[in-house]
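One is the number of the first residue; the rest follow in order along the sequence. Quick caveat, the model's predicted, so the values are computed rather than measured.
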Amino acid sequence: MHMAELIEKKRDGGELTAEEINFIIRGYTAGTIPDYQMSALCMAVFFRGMSSEETTALTMAMAHSGEMVDLTALGDYTGDKHSTGGVGDKTSLVLCPMVACCGLKMAKMSGHGLGHTGGTLDKLESIPGLSVQMDGGRFLQIADEVGFVLAGQSAVMAPADKKLYALRDVTATVPSVPLIVSSIMSKKLASGAKTIVLDVKTGSGAFMETEEASFALAREMVAVGRLAGRNMGAIVTDMDQPLGFAVGNALEVEEAVSVLRGGDVPDLKELCLTLGSQLLLRSGIERDAESARQRLQATIDSGAALDRLAAMVEAQGGDRRAVYDTSLLPRAKVVYELKSERSGYVSAMQAKGIGVAAMHLGAGRETAEESINPAVGIVLRKKVGDAVAEGETLAIIHADADDENLRSVERELMAAYSFSEAKPKLKPFIRGIVE
Ligand code: URA
């Protein structure tokens, strides 16, 4: 087989066979197919697309390019959840302890944040002492004993994706459905869970900005996962504004804890109940959505989910007291209130702009090498649909210093808000469940 001929075939709209796709992924991972040929193939896929059979073959080849985690020791009920990334997304910290209390074991590998989106690992690392690095044996042991574990992705998992994603990033080939599906699903399949639920974001803070594109991506990922023999579910949710109120690592941990204590963060709680019931239904633990939701709610009401979070924090080397007393989390030096310059309603928010503002405070990183400040971030006081009076607080900025950087973040944050005279019509937060 010759790579140039396979590029030509895809360029001209042909369909690659599973054998050809295996040849490409094996060669690219081993270094016998160079970046320039792989770039050309990615661009051909970008314009020509892939059939479901091709996307499935690509996903499987990428999943098998490295270690396939074996979770059979954890029993029949293993789950995983993936979000396509957003601003203020602390879902895993709430969802994992809730479903773990219902008997679904979550052995979850997560990532650090990059750009305007946060990463679960950064949020966890704001808890004093907690480590997300561990060997495979300890990973399985915590998942088994506590019911969930949240760790960094193993370096030997889906190496083809690591290489390919870096290449796509610099060749303008990230936004291609078959390439996104294979990238995300190869890692999910390699992580080993039997039941996988996807939270596909849509809107200004998501990388799929239209609902149509988000549903297409969700359906394709569900189809590939089912062909690979996994129980799959997916929902499409709003990312036109940040999830919850807090954006920034320790602030998000505090918000996650508040939901597990019964606090009212409507969109975040609804997301956890919906994803959680999908996980319990798809895994066969529950038979109908209503009883699944009631069971999940009971884990909050009894305090069991909060205790489960504390158990995970302790097992991963962290200070479990921080779960019960969030004043032990890192705190920013300056707390500044951003006041509204007009009266009316908040008509829209730029989620991405708020993510970027938080990044400029130090809550996120522009390049993978940068370090972050766990204490800083933004807590929104007004979200879309809220009435606001001139001089009222729109958001609270938690910063490291009262300096020019704070002034510039203040301007960025103000620019992320739009106002109207009349109350805007709100779109539902959950846009739909993929059946
Ligand atoms: N996240 C991934 O892991 N891969 C993509 O291609 C896009 C988002």
Side-chain angles (χ1 to χ4, degrees), residues 45-47 49-52 55 59 81-92 95 115-118 168 172-185 188 196-226 232-244 247 265-279 281-282 289 345-356 380 383-386 416-418 420 422-435:
V45 170
F46 180 89
F47 283 113
M50 277 185 148
S51 68
S52 295
T55 308
T59 308
K81 165 252 162 190
H82 181 81
S83 148
T84 57
V87 180
D89 191 352
K90 66 284 288 174
T91 311
S92 294
L95 175 71
H116 72 281
T117 61
R168 286 168 54 214
T173 51
V174 168
S176 147
V177 168
L179 296 180
I180 297 172
V181 169
S182 52
S183 168
I184 293 176
M185 288 306 295
K188 289 290 112 183
I196 302 167
V197 167
L198 308 165
D199 175 16
V200 179
K201 307 286 191 191
T202 194
S204 66
F207 69 91
M208 288 289 174
E209 294 201 5
T210 69
E211 241 177 72
E212 197 188 351
S214 304
F215 272 102
L217 177 65
R219 277 194 293 270
E220 193 77 19
M221 289 198 286
V222 165
V224 168
R226 285 195 181 139
M232 293 296 303
I235 64 175
V236 174
T237 65
D238 180 83
M239 193 32 78
D240 268 331
Q241 59 178 338
L243 180 66
V247 181
V265 184
D267 52 358
L268 175 60
K269 177 145 177 221
E270 179 55 30
L271 180 58
C272 293
L273 288 174
T274 308
L275 286 170
S277 53
Q278 283 290 309
L279 279 165
L281 291 174
R282 304 275 175 204
Y345 289 89
V346 178
S347 58
M349 289 173 87
Q350 288 297 321
K352 189 170 176 181
I354 294 168
V356 169
L380 305 171
K383 292 186 68 178
V384 177
D386 288 342
Y417 273 93
S418 302
S420 60
K423 189 170 167 67
K425 205 168 172 307
L426 295 182
K427 287 189 196 159
F429 170 71
I430 308 262
R431 299 292 166 78
I433 296 177
V434 174
E435 291 304 337

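Rounding to the nearest 0.5 angstrom, the gap separating the OG1 atom in T237 from the CD1 atom in I433 is 11.0 Å. Rounding to the nearest 0.5 Å places CE of M221 at 8.0 Å from CD1 of I180. Considering CD1 of I235 and OG1 of T274, their distance stands at 5.5 Å, rounded to 0.5 Å. In this structure, T59 OG1 and M50 CE are separated by 9.0 Å, a value rounded to the nearest 0.5 Å. In this structure, CG in L380 is found 10.5 Å from CG in L243, a value given to the nearest 0.5 Å. With rounding to the nearest 0.5 angstrom, the CG atom of D240 is 8.5 Å from the CD atom of E209.
When all heavy atoms of G225 and M185 are compared, the pair lying nearest together is CA-CE, 3.7 Å. Q241 and V384 get closest at one heavy-atom pair: OE1-N, 3.0 Å. When all heavy atoms are compared, the tightest approach of G244 to V265 is CA-CG1, 3.6 Å. Residues V87 and A351 approach most closely at CG2-O, 3.4 Å, considering heavy atoms. The minimum heavy-atom distance linking P242 with D267 is given by the pair O-OD2, 3.8 Å. When all heavy atoms of Y345 and P424 are compared, the pair lying nearest together is CB-CD, 3.7 Å.
Proximity of F215 to R431: side-chain heavy atoms (C-beta onward) are separated by under 4.5 Å at one or more points. With contacts defined as side-chain heavy-atom distances shorter than 4.5 Å, the pair L179/V174 does not qualify. T84 places none of its side-chain heavy atoms less than 4.5 Å from the side chain of M239. Considering only heavy atoms from C-beta on, S176 stays 4.5 Å or farther from R168 through its side chain. In this structure, the side chains of S214 and K201 stay at 4.5 Å or more apart for every pair of heavy atoms.
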Test log, rule side chain to side chain contact (heavy atoms under 4.5 Å, CB included), inputs L279 and L95:
CA-CA 10 Å; L279 279 165; L95 175 71; 4.0 Å; yes
Evaluate the criterion side chain to side chain contact (heavy atoms under 4.5 Å, CB included) for residue pair R282 and I196; output intermediate values, then yes/no.
CA-CA 8 Å; R282 304 275 175 204; I196 302 167; over 6 Å; no
Evaluate D89 against T117 for side chain to side chain contact (heavy atoms under 4.5 Å, CB included), listing each step before the verdict.
CA-CA 8 Å; D89 191 352; T117 61; over 6 Å; no
Any chance you could lay out the side chain to side chain contact (heavy atoms under 4.5 Å, CB included) test for M208 and V177, step after step, and finish with the verdict?
CA-CA 10 Å; M208 288 289 174; V177 168; 4.1 Å; yes
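No more than 12 heavy atoms of other residues, nucleotides or ligands sit less than 6.0 Å from atom NZ of K352.
Ionic pairing of R219 and E212 is not present here: no N-O contact between side-chain nitrogen and carboxylate oxygen is shorter than 4.0 angstrom.
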